[in-house]
2 protein chains.
Amino acid sequence: MLPEPVSRILLIDDHRLFNDALKSLLNEQPDLTICGQVFKASDAIHAVHRSSPHLILMDINLQGSNGIDLGKAIVSDYPTVRIIMLTMYNQPKLLDETRRAGLHGYLLKDAGTTELLRAIRDVLGGTTSFDTSVSSSPTPTDDPFGDRFASRLNLTFREVEIIALIREGLSNEQIADRIHLSPETVKTHRKNIHFKLGISKVTELVQFAIKNGI
Amino acid sequence: MLPEPVSRILLIDDHRLFNDALKSLLNEQPDLTICGQVFKASDAIHAVHRSSPHLILMDINLQGSNGIDLGKAIVSDYPTVRIIMLTMYNQPKLLDETRRAGLHGYLLKDAGTTELLRAIRDVLGGTTSFDTSVSSSPTPTDDPFGDRFASRLNLTFREVEIIALIREGLSNEQIADRIHLSPETVKTHRKNIHFKLGISKVTELVQFAIKNGI
DNA sequence: CCTACCATACCGTCTTCGGGGTATTTTTTA
DNA sequence: TAAAAAATACCCCGAAGACGGTATGGTAGG
């Protein structure tokens with residue numbers, strides 16, 4: 001019997017438990033092997049160099065630093081490596097960014113095992129895999145981010161998106177650049193957010209965001 | 001050979017992938033079995049009734065609704081059930097709440113597999129398991145240096161104190177009033193904090209504070 | 001005694017934020 | 001199709017923060 005070709009996968013995610021658990025999940029697949037796991041963005045490049053993976057599964061939120069930028073950096077150095085971004089947040093903008101960055105997949109962490117394995121095999125097979133449930137979110141008010149607080153507080157899609165960016169530490173100007181808006185518009189959204197949440201300071205906003213996992 | 005006693009575990013977490021992965025991780029343990037997984041808080045009680053688990057692993061952030069409250073509700077209905085809360089955030093406040101709610105464990109998601117298994121076995125064995133890396137600061141205001149971050153970053157007592165007040169959402173003026181300083185002095189401390197942490201914005205500071213449980 | 005460090009305090013300048021408006025276009029929904 | 005909601009954008013102004021200095025009194029350690 002011919003030896004089955006095995007694909008090496010590198011995990012990059014600062015949630016150790018998730019990482020470990022994923023590892024054990026993938027170990028059940030005979031044709032997939034974990035060649036490493038990394039918890040910090042700063043260790044990533046080194047790990048890629050050492051383990052030369054075929055595929056990287058990477059969280060988009062790597063403690064402050066942007067997973068997409070890291071992914072871009074990796075593919076520019078190692079063009080044969082394929083990368084799937086994992087994220088908790090259902091944001092078409094992030095999906096678009098991922099696609100535009102030339103990465104190969106985008107999957108929500110609340111996807112099922114089946115979806116994950118299919119995405120992995122698709123991407124290893126040379127195609128891309130972008131979670132369709134993200135781009136085709138039919139009614140934003142129904143369940144835009146899988147979170148209930150948004151509808152409870154009547155937050156719109158745009159507002160939640162901007163909260164997330166404020167939480168990341170971006171200024172109005174930077175947010176405007178990132179999502180292609182006028183800084184004035186960002187200010188308007190921000191005022192509405194403050195009104196809806198009944199707050200008046202960035203600090204309160206960041207605490208709200210973290211509390212609600214934005 | 002006597003049949004090994006097997007403990008039934010119920011997973012409650014809205015991150016499906018994490019859930020699945022955890023499942024596969026735990027399946028490697030012969031004495032632990034997953035009796036169910038639930039993604040929404042609203043399904044939890046029903047699942048507990050149906051599968052009567054010995055132990056519940058539960059995310060503290062269940063899409064908007066509070067995992068601690070849910071846990072409290074469960075133990076009041078099913079007093080023999082034991083519950084470990086999982087969370088991404090290193091907040092002594094949450095740990096305390098968990099403990100006061102009469103729940104049995106608190107574990108960070110960036111803990112390792114070993115910690116998880118030990119926590120599970122401890123809690124099943126009748127003791128509680130509260131992540132010491134969170135609670136290790138028994139008196140945060142008294143001794144912020146018990147935590148490594150303060151000494152690691154060369155933060156002084158005053159600086160840690162001011163970080164906490166900034167996190168609370170106070171302005172320089174309010175902080176000055178609170179601890180009887182000139183607002184200008186607060187600004188100076190603030191500059192030094194920014195320098196030591198390598199940051200430049202309040203938002204980053206708040207995130208640092210929450211991450212380190214200040 | 002000298003050095004290092006901490007806590008204290010002030011000054012000036014520039015940027016960003018907060019809060020008050022108003023208004024247009026697009027999308028959604030009733 | 002009309003009304004409502006969301007997203008876009010601009011104006012002004014005052015408050016607060018960010019960042020560059022400088023300086024002084026106290027205290028601990030070599």
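In what follows, chains are A, B, ... by sequence order, proteins preceding strands, each numbered from 1.
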Rounded to whole Å, how long is the line connecting atom CD1 of A:Ile162 with atom C1' of D:dT8? 11 Å
Answer with base, sugar-phosphate or nothing: what part of the nucleic acid does A:Lys201 contact at a heavy-atom distance below 4.0 Å? sugar-phosphate
Of B:Lys187, B:Arg190, B:Glu184, the one forming a side-chain hydrogen bond (donor to acceptor under 3.5 Å, both in side chains) with B:Asn172 is B:Arg190
Length of the line joining A:Glu161:CD and D:dA6:P, which is rounded to integer Å: 15 Å
Of the nucleotides D:dA9, C:dT8, D:dA18, which one has an atom closest to the side chain of B:Val202? D:dA18
Candidate nucleotides D:dA18, C:dG18, D:dT8, ranked by approach to the side chain of B:Lys187 - the nearest: D:dA18
Looking only at N and O atoms, is any donor in the side chain of A:Ser182 or the base of D:dC10 less than 3.5 Å from an acceptor on the other one? no
Rounded interatomic separation in angstrom, taking CZ from A:Arg158 and P from D:dA7: 7 Å
C:dA9 phosphate, OP1 or OP2: any side-chain N/O from B:Thr185 under 4.0 angstrom? yes
Taking OP1 and OP2 of D:dA7, is either one under 4.0 Å from a side-chain nitrogen or oxygen of A:Thr156? yes
Quick check on contacts: within residues 190-197 of chain A, what sits under 4.0 Å from DNA chain C by heavy-atom distance? A:Arg190, A:Lys191, A:His194
Choosing from D:dC19, D:dA9, C:dC17, which nucleotide comes nearest the side chain of B:Ser200? D:dC19
In whole Å, what is the span from the CG atom of A:Asn172 to the P atom of D:dC10? 13 Å
Can you confirm whether A:Lys201 is buried at NZ, in the sense that more than 12 heavy atoms of other residues, nucleotides or ligands lie under 6.0 Å from that atom? yes
Could you go through A:Arg178 and A:Glu168, starting from their C-alpha distance and side-chain angles, then the distance that decides it, and tell me whether this counts as salt bridge (charged side-chain N to carboxylate O under 4.0 Å, His left out)? CA-CA 12 Å; A:Arg178 178 82 79 90; A:Glu168 278 185 38; 3.4 Å; yes
Are any of the side-chain heavy atoms of B:Val38 and B:Leu11 separated by less than 4.5 Å? no
Mind checking B:Ser171 for me? I need base, sugar-phosphate or nothing, with any heavy atom below 4.0 Å counting as a touch. sugar-phosphate
Counting only heavy atoms not in B:Glu173, do more than 12 sit closer than 6.0 Å to its CD atom? no
At less than 4.0 Å, is any side-chain N or O atom of A:His189 found next to OP1 or OP2 of D:dA7? Yes or no. no
With nearest nucleotide decided by heavy atoms, which residue, B:Glu184 or B:Glu159, maps closer to the 5′ end of DNA chain C? B:Glu159
Minimum side-chain heavy-atom gap A:Ile193-A:Ile162 below 4.5 Å: yes
So, do A:Leu25 and A:Leu116 sit near enough that their side-chain heavy atoms are less than 4.5 Å apart? yes
